[in-house]
Amino acid sequence: MSLYPQIKQFLLGKSLPTSAHSEERLSNAAALAVLSSDALSSVAYATEEILLILVAAGSGALGLSLPIAIAIIILLGIVVLSYRQTIRAYPKGGGSYIVARENLGIYPGLVAGGSLMIDYILTVTVSISAGTAALTSAVPALRPFTVSLCLIFIFLLMLANLRGVKESGRIFMIPTYAFIASIFVLIAIGLFKHATGEVVAEYPPIPVKEGLSLFFILRAFSAGCTALTGVEAISDGVLAFKEPEWKNARLTLLYLGVILGLMFIGITYLSNMYHVVPEEGQTVVSLLGREILGNGAFYYFVQIVTLLVLLLAANTSYADFPRLCYFLARDGFLPRQLSLLGDRLVYSNGIILLSVCAGILVIIFKGQVNAVIPLYAVGVFTSFTLSQAGMVRHWFQSRESNWRASALMNGLGAIATAVVLGVIISTKFLLGAWLVVVAIPLVVALFLTIRRHYEYVAERLSIQGIAPRSYIPRPKPAMVTHPAVVVVGQLNRGTVEALDYARTIADEIVAVHVDINGSTDREKLQEKWRQLESDIPLEIIDSPYRSVIEPLVNFVAQFEEHHPDVFTTIIIPAFVTRNWWEGLLHNQTTLFLKTALRAKKSRVVSTVRYYL
């Protein structure tokens, strides 16, 4: 084994067969940690974001944080109940992209998909930056290395997720549940001390810098709505659950809503009771912890698990971004490489793409949380609104049992999230939200460009119009001098030309196709083959580990055993795109296959190019 496969196996583990996919499912407890860490961790900063706005209106305005938090809890309840309807209607996974596209049309679907992609990337950037900020606050000497630390954390998260969902679930359960437990203990002790009168009597005097107005209160509300980011992740990741997937997903989503709501309202209530005022260099959770717990060991435990869960909150994106990319790639709106399962039964290319995009944003914004926060929540509330509106239409079309109640619930969700989206855009537009507003149509334009390219390629390679051909069966020569193997990915015009070339140079030809993950319709392929290439046998081989190269190399080696004293020609059809960048949208299997096959000198590897 060469050095690269050894390093890869050490870091990621052994390759898993496709048959093990059902074993790589998550229990409800593990799924809550993997899919909900983003939403749950938001209690570490959501109350603080509200108070940071209200403090500008003086100490008298800080009391408004509690009614604002209650309004956000009501919104959370609406969103959770709405997405429970979505999971019931789409038991195999009903993310915003799928729901909006199926019920509202292709463009709303792409807007929802693009919005959610942007939000997932921003989630990683914000979570990693926030966790790193907590670390550098505790150890100021590390502050000059903020960007480097962010990139290291992103790399470690990428590595953990490339190992597979089961292992990432084990990694993330401990800090997530430790964070939940510590917050509830903090709330319980705080309530007990409040009941016994051990609280700060009043707020310190704070100068008024801004007057109270409806717009001002809406700004504070929109800032607190960061508590809802990540709530949709469970509906996107239904297939990550153990069977029955949709029932387990609905139950876990309910758990998420209850736990998140209780933690958020508890932290906000205590902030009011203990008259906490935000301070530079201190989070609200830290201020509460010092006030309630003192500077003992449990205070530092709360800070450590908060740091860890903020870092791991990015894992919600790592769980769902690759799945969203899979759906978009399957429909031709993203490169098809993003639809392929990796060695560990995860969408490895999507995980790597997310890491690269988040790393670029960390470098651009220098790992500063405050620079990225204004971009947050626009994407997720856009996808919320389109998803819920799509569900309303779904219920009116399907008219399943209890459809009126479901439509009412989703309609309420669509209206509520649309209003909040308007509030977020209007209050954060000049602070940076305009970047996301501009980015979404640009991403949708990219989707459409990629789709047009794939449609063009399919049209140019189509075998429609080629009349059925009849060949006289090729007699097997007394002695084979020029054997050839033709690699068949799909039966298209490029393959037909490669087979015609093979007939001119070889006296024995066999074609071979690799069936990855049972994705090939074998009967249909064989029927087309009999019509066009009846004189050449077609072998279809299985690939239990989703690899094209290894099964082909093994097949060629076995074929060569029958012709030990002659050179075998391996013919690989390949189409050539019009522009270099279009080549990035296609697998580079030909390059890797040629490299693997040329390891043996008694072979001739030939590429037959078809120019689009």
Side-chain angles (χ1 to χ4, degrees), residues 32 35-54 61-86 176 179-180 183-184 186-188 190-191 194 214 216-235 250-274 276 278 283-285 288 306 309 313 316 376-377 380-381 384-385 387-388 408-424 427:
L32 186 66
L35 298 175
S36 305
S37 52
D38 174 24
L40 294 172
S41 69
S42 64
V43 302
Y45 53 80
T47 299
E48 183 175 347
E49 290 298 314
I50 297 172
L51 294 176
L52 283 171
I53 300 294
L54 295 177
L62 292 175
L64 292 173
S65 60
L66 191 58
I68 289 173
I70 292 171
I72 293 172
I73 294 294
I74 293 170
L75 178 63
L76 171 66
I78 292 171
V79 170
V80 166
L81 293 174
S82 297
Y83 271 104
R84 277 173 56 86
Q85 308 303 318
T86 302
T176 301
F179 172 74
I180 293 171
I183 292 296
F184 277 121
L186 176 66
I187 292 170
L191 291 175
H194 173 252
L214 178 60
F216 181 81
I217 294 172
L218 289 176
R219 272 179 57 201
F221 174 78
S222 67
C225 283
T226 54
L228 271 71
T229 56
V231 171
E232 80 293 337
I234 289 176
S235 72
R250 274 170 60 94
L251 186 60
T252 305
L253 180 59
L254 188 61
Y255 291 155
L256 165 63
V258 172
I259 294 170
L260 174 58
L262 289 174
M263 289 198 300
F264 178 49
I265 199 68
I267 293 292
T268 308
Y269 179 76
L270 289 181
S271 299
N272 270 262
M273 294 302 101
Y274 283 80
V276 170
T283 65
V284 165
V285 172
L288 269 177
T306 302
V309 84
T316 297
Y376 217 29
V380 72
F381 274 92
F384 277 174
T385 303
S387 174
Q388 299 312 309
L408 180 63
M409 190 69 254
N410 286 124
L412 182 60
I415 293 169
T417 53
V419 170
V420 173
L421 175 62
V423 170
I424 290 172
T427 57

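These numbers come from the heavy atoms of this one structure, side chains and all, not from hydrogens, waters or symmetry mates.
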Not counting sequence neighbours, which residues clear side chain to side chain contact (heavy atoms under 4.5 Å, CB included) with Leu52? List them please. Glu48, Glu49, Pro278

For Leu254, enumerate each residue passing the side chain to side chain contact (heavy atoms under 4.5 Å, CB included) test, keeping only those at least two apart in sequence or located in another chain. Arg84

Rounded to the nearest 0.5 Å, how far does [atom2] of [Y] lie from [atom1] of [X]?
X	Y	atom1	atom2	answer
Leu262	Ile187	CG	CD1	7.5 Å
Ile73	Leu228	CD1	CG	8.5 Å
Leu260	Ile265	CG	CD1	11.0 Å
Asn272	Ile267	CG	CD1	12.0 Å
Phe264	Tyr269	CZ	OH	15.5 Å
Met263	Thr47	CE	OG1	10.5 Å

Heavy-atom pair of closest approach, residues [X] and [Y]:
X	Y	answer
Ile72	Gly224	CD1-C, 3.5 Å
Gly257	Val80	CA-CG2, 4.0 Å
Leu270	Gly190	CD2-C, 3.8 Å
Leu51	Ser271	CD1-CB, 4.2 Å
Leu54	Ser65	CD1-N, 3.5 Å

Determine, stepwise, if the pair Leu32 / Ile259 fulfils side-chain contact (heavy atoms from CB on, under 4.5 Å). CA-CA 11 Å; Leu32 186 66; Ile259 294 170; 4.0 Å; yes

Pairwise side-chain contact, [X] with [Y], heavy-atom cut-off 4.5 Å (strictly under):
X	Y	value
Leu288	Tyr274	yes
Ile53	Phe221	no
Ile78	Met409	yes

Tell me whether [X] contacts the main-chain N or O of [Y] through its side chain, where contact means a donor paired with an acceptor under 3.5 Å.
X	Y	answer
Ser42	Ala227	yes
Tyr45	Thr226	no
Asn410	Gln388	no

Would you say the side chains of Thr385 and Thr417 form a donor-acceptor pair under 3.5 Å? yes

Side-chain donor-acceptor pair present, Ser235, Thr86, cut-off under 3.5 Å: no

Test side-chain contact (heavy atoms from CB on, under 4.5 Å) applied to Leu40 and Ile183, step by step: CA-CA 11 Å; Leu40 294 172; Ile183 292 296; over 6 Å; no

Above 12 or not: heavy atoms from other molecules or residues under 6.0 Å from CZ of Phe216? yes

Could you go through the side-chain contact (heavy atoms from CB on, under 4.5 Å) check for Thr252 and Leu256 one step at a time? CA-CA 6 Å; Thr252 305; Leu256 165 63; 5.7 Å; no

Under the side chain to side chain donor-acceptor pair (under 3.5 Å) test, which residues partner Ser37, sequence neighbours left out? Thr316

Kindly determine whether Arg250 and Leu253 satisfy side-chain contact (heavy atoms from CB on, under 4.5 Å), including the steps that lead there. CA-CA 5 Å; Arg250 274 170 60 94; Leu253 180 59; 5.8 Å; no

